[in-house]
Amino acid sequence: MHVVVAARSSGQATAVDVGGVTVAEAARPTRPRWTWADTNLWYPGLLRAGVRVDRCHDLRLAHRVLRASAWTTGSRLAQAFAGAWDALQPVPAGGTPTPPDDGGTLFDLDPTSRASAAGDAATLDGRACRVELDAQLDAVATSRAPGRLRLLLAAESAGALAAAEMQRAGLPWDAGRHDEVLRDQLGPRPAVGARPDRMERLAAEVRDALDAPTLNPDSLPDVLRALRRTGLAVTSTRSWELQQVDHPAIGPLLAYKKLSRLFSANGWAWLDAWVQDGRFRPEYVVGGVVTGRWASSGGGALQIPQQVRTAVRADPGWVFVVADAAQLEPRVLAGLAHDERMADAGRGKDLYRGMVDTGVVDSRAHGKVGMLGAMYGGTTGSSAAVLPRLARAFPASLALVEDAARTGERGDVVTTLLGRTSPRPGASWHETQVLAQSDDADAGAESKARAQTRAWGRFTRNFVVQGTAAEWALCWIAEVRRRLWDLGAAEVPGDRVPTPFTGRPHLVYFLHDELVVHTPAPLADAVAAEVRAAAAASGRLLFGDFPVDFPVSVGTDRSYGEAKDAG
DNA sequence: GATTATAGCGCG
DNA sequence: AAAGCGCGCTATAATC
């Protein structure tokens, strides 16, 4: 049953009963599903009050899925004109400063101020939420695959809960260790506006080698000009292109670029801005990517370089369990295509290794780059070279991605396993196609149209795989989240993990096919087992009895940087 | 002077 | 091996 939670203009919350159940009754073990306009509007406050929500229905996220899904096009939800729910912008989950944990009451919060800043506050009242929920349930019920869509919406909403919880808990971050890494690579912290010593010295070497005393190594045109003047046939300053070149300036230039990246993206300024009280609290944007993957905002949460992951350190008495779904995308493709041969190749072992063992390819690297090419639409290099062998060995999988590509090239939409549908190409895409077919179209217009056609085909080709993999990952994280809570709490001396996770294993990081659990050390083995079991459960939710497995490599360590590879 | 666009690189 | 998918962020260039 759904319990709709909405805000009144007074700022007081009201729980509207849709199934004859009051809030007090809903707290009993009937497993209510809290229905609200936006998880980010309600859940951070509940978490601060120490309340964990078991499951919810996020109307904003569900609306977006159902408006776009090819399975609900006949519904009144999909056929209505765009309205307030379409205009609703995501609310920043951490938009308000965290008040001290003084045991505030359940609904002692005022989300309306943030809501009105985010969009139409009237959308968020109880009646509007009830009407919208009605329309959504109708769209699901009358869709081509209600069960799948129901699973997608539940997983998306569970993801929203997990994201809010991860922001609440924060990623344990050792600023001292981060500083050590920076000093080790860059030298001492420079004055504001100055370059670190190590970078300044490399810049001098580059200027020297290129005989360009005033060269600014941060200016791309400047660097490109200087390289050209020296007689080097480079067309850009990309690292991989420079690596092909043999010249004394290249070594220090590449080293400079590497350090410059670390300094500007994850240096001391980043540390000051994003790490407080030993925690990095990024904002996760659930469904922020068209394919259904999460995005993030602020701090580059999904791009933490390997170099600084050693600064991610568990609290005393706690450890990280780091889990990585091995070769997730090709396994998902095998499941989507019911490709038993590919599923066989990966059963109980590295999928790419399995492709070598069965003689499909001659090295793991070829298997990997070949499959990536098949899923991304690669047309050159060694990726394209192994493609014919893959097509012979795995016709079902290759046909599925080829078909998705052809569909996109026609300008049609593709849909993931659970019903997330790709956007249509924009007006300018169609214009370019029409233009290229007119009588006076020149060769330029035609080749531009062809390139654009293929590009959209690569997008839809990848959409079905990346999008279904994102659905697998959402189900995984939802399962993990539930199982971790069921493990209960342990006593940890000096515990500084915030409520409601004090003493409890909890998610702290999620990166597409990888997750990190912060857990009291004694529970680490149990956590690892649950993470694996959750992966298996997710596979069954998506693919039922089809025998594709989802092995997870698991490592345990006090440092994120050290925890990988251990399993 | 304030803005938007681009190149490049980090992650999967 | 260096190309094909999806992002966010930074510094600089380009544009208003």
Side-chain angles (χ1 to χ4, degrees), chain A residues 193 195 199 216-225 234-245 253-254 256-267 269-270 273-274 282-285 287-309 324-330 332-333 363-366 368-387 401 404-405 408 414 420 422-423 451 454-470 472-473 509-515 560 564:
Chain A
R195 287 195 183 97
M199 283 170 62
N216 173 10
D218 294 322
S219 164
L220 306 180
D222 227 18
V223 170
L224 197 56
R225 259 195 309 274
V234 289
T235 60
S236 76
T237 64
R238 287 190 207 96
S239 291
W240 67 260
E241 187 176 350
L242 297 182
Q243 276 162 22
Q244 321 294 315
V245 177
L253 180 55
L254 289 172
Y256 178 90
K257 286 162 74 77
K258 189 81 183 164
L259 293 185
S260 167
R261 168 78 196 186
L262 175 64
F263 176 62
S264 62
N266 294 98
W270 182 90
W274 293 105
E283 164 112 18
Y284 293 97
V285 185
V289 178
V290 276
T291 56
R293 275 186 174 183
W294 291 10
S296 70
S297 141
L302 305 184
Q303 303 136 261
I304 301 170
Q306 298 292 339
Q307 284 169 299
V308 303
R309 290 190 185 184
D324 185 305
Q327 305 95 42
L328 176 60
E329 291 195 344
V332 162
L333 175 56
S363 71
R364 187 183 185 279
H366 277 157
K368 179 174 179 174
V369 80
M371 280 311 299
L372 289 178
M375 294 183 295
Y376 293 165
T379 54
T380 61
S382 71
S383 164
V386 294
L387 219 51
V401 289
V414 294
R420 197 186 304 267
S422 66
R454 283 193 299 262
W456 200 262
R458 288 193 299 273
F459 166 60
T460 51
R461 171 194 292 266
N462 186 248
F463 185 95
V464 291
V465 180
Q466 187 183 120
T468 306
W472 181 91
Y509 194 58
F510 174 55
L511 188 54
H512 310 314
D513 61 359
E514 177 177 339
L515 55 81
Y560 179 23
K564 289 191 86 172

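Reminder, nothing fancy here: chain letters follow the sequence lines and each chain counts from 1.
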message: What's Val465(A) touching, base or sugar-phosphate or nothing? Going by heavy atoms closer than 4.0 Å.
response: nothing
query: Which one, dG8(C), dA2(C), dG6(C), comes nearest to the side chain of Ala295(A)?
result: dG8(C)
message: From the set dA3(C), dC11(B), dC5(C), return the single nucleotide nearest to any side-chain atom of Pro305(A).
response: dC11(B)
- request: Output the single nucleotide from dT12(C), dG6(C), dG4(C) whose closest atom is nearest the side chain of Phe459(A).
  value: dG6(C)
- prompt: Would you say dA13(C) has OP1 or OP2 under 4.0 Å from some side-chain N or O of Ser219(A)?
  reply: yes
query: What's the closest nucleotide to the Gln303(A) side chain, out of dG12(B), dG10(B), dG4(C)?
result: dG10(B)
- request: Could you check whether Arg309(A) gets within reach of a base, just the sugar-phosphate, or nothing at all, counting any heavy atom under 4.0 Å?
  value: sugar-phosphate
task: Take Leu253(A) and Thr237(A), measure what side-chain contact (heavy atoms from CB on, under 4.5 Å) needs, and give me the verdict at the end.
output: CA-CA 10 Å; Leu253(A) 180 55; Thr237(A) 64; 6.0 Å; no
- request: Can you establish whether the number of heavy atoms outside Lys368(A) located under 6.0 Å from its atom NZ is more than 12?
  value: no
- prompt: Between dA2(C), dG12(B), dT12(C), which nucleotide gets closest to the side-chain atoms of Asp513(A)?
  reply: dG12(B)
field: Distance in angstrom units between Leu511(A) CG and dG6(C) C1', rounded
entry: 12 Å
- request: Without swapping roles, check the side chain of Arg454(A) against the backbone of Ala405(A) for a donor-acceptor pair under 3.5 Å.
  value: no
- request: Kindly say whether Glu514(A) contributes a backbone atom to a donor-acceptor pair with the side chain of Tyr509(A) at under 3.5 angstrom?
  value: no
message: Classify Gly298(A) by what it touches in the nucleic acid, base, sugar-phosphate, or nothing, heavy-atom distance under 4.0 Å.
response: sugar-phosphate
message: In whole Å, I'd like the distance from the CH2 atom of Trp270(A) to the P atom of dG8(C).
response: 17 Å
query: Is Arg261(A) near enough to dG10(B) that one of its side-chain N or O atoms lies under 4.0 angstrom from OP1 or OP2?
result: no
field: Salt bridge flag under 4.0 Å for residues Arg293(A) and Glu329(A)
entry: yes
message: Without decimals, in angstroms, what is the distance between Trp456(A) CH2 and dG4(C) C1'?
response: 16 Å
query: Please give, in whole Å, the distance from dC11(B) C1' to Tyr284(A) OH?
result: 12 Å
- request: Give the rounded distance in Å between these two atoms: CZ of Arg454(A) and C1' of dA3(C).
  value: 14 Å
- prompt: Does the side chain of Lys257(A) get closer than 4.0 angstrom to OP1 or OP2 of dC9(B) through an N or O atom?
  reply: yes
query: Is the distance from OP1 or OP2 of dC5(C) to the nearest side-chain N or O of Thr291(A) less than 4.0 Å?
result: no
message: Which is it for dG4(C), anti or syn, if anything within 90° of zero counts as syn?
response: syn
task: Go through dC9(B), dA2(C), dC7(C) for me and flag the one nearest to the Val289(A) side chain.
output: dC7(C)
message: Counting C-beta onward and ignoring hydrogens, is there a side-chain heavy-atom pair between Leu262(A) and Trp270(A) closer than 4.5 Å?
response: no
task: For Asn462(A) and for Asp218(A), find the nucleotide of DNA chain C with the closest heavy atom, then tell me which residue's nucleotide is more 5'.
output: Asn462(A)
task: For Gln306(A), report the nucleic acid contact type (base, sugar-phosphate, nothing); a contact means any heavy atom under 4.0 Å.
output: sugar-phosphate
message: For a quick test of reading the model: is some side-chain N or O of Lys368(A) closer than 4.0 Å to OP1 or OP2 of dA1(C)?
response: no
- prompt: What does Leu328(A) touch in the nucleic acid at a heavy-atom separation under 4.0 angstrom: a base, only the sugar-phosphate, or nothing?
  reply: nothing
field: Distance (rounded to the nearest 0.5 Å) between Gln466(A) CD and Arg420(A) CZ
entry: 10.5 Å
field: Leu372(A) CG to dG6(C) P, straight-line distance once rounded to whole Å
entry: 14 Å
message: Regarding Ser296(A), tell me which of base, sugar-phosphate or nothing describes its non-hydrogen contacts under 4.0 Å with the strands shown.
response: sugar-phosphate
query: When rounded to the nearest 0.5 angstrom, what distance separates CG in Leu511(A) from OH in Tyr284(A)?
result: 8.0 Å
- prompt: From dG8(C), dG4(C), dG6(C), pick the nucleotide closest to the side chain of Tyr376(A)?
  reply: dG4(C)
- line: Whole-Å distance, Arg195(A) CZ to dA11(C) C1', equals 11 Å
message: The side chain of Gln466(A) is closest to which nucleotide in this list: dA3(C), dC5(C), dA2(C)?
response: dC5(C)
query: Does dG8(B) have OP1 or OP2 sitting under 4.0 Å from an N or O in the side chain of Arg238(A)?
result: yes
- prompt: For Thr237(A) and dG8(B), is the shortest distance between a side-chain N/O and OP1 or OP2 below 4.0 Å?
  reply: yes
- prompt: Is there a donor N/O on one and an acceptor N/O on the other, under 3.5 Å, for the side chain of Arg293(A) and the base of dG12(B)?
  reply: yes
query: Trp240(A) side chain N/O closer than 4.0 Å to the phosphate oxygens (OP1, OP2) of dA3(C)?
result: yes
message: Distance check needed: dA3(C) C1' versus Glu241(A) CD, whole Å only.
response: 14 Å
- prompt: Is dC7(C) paired to anything, Watson-Crick or G-U wobble with both distances less than 3.5 Å, and if yes, which nucleotide?
  reply: dG10(B)
task: Quick one: label Ser260(A) by what it contacts on the DNA or RNA (base, sugar-phosphate, nothing), any heavy atom closer than 4.0 Å.
output: nothing
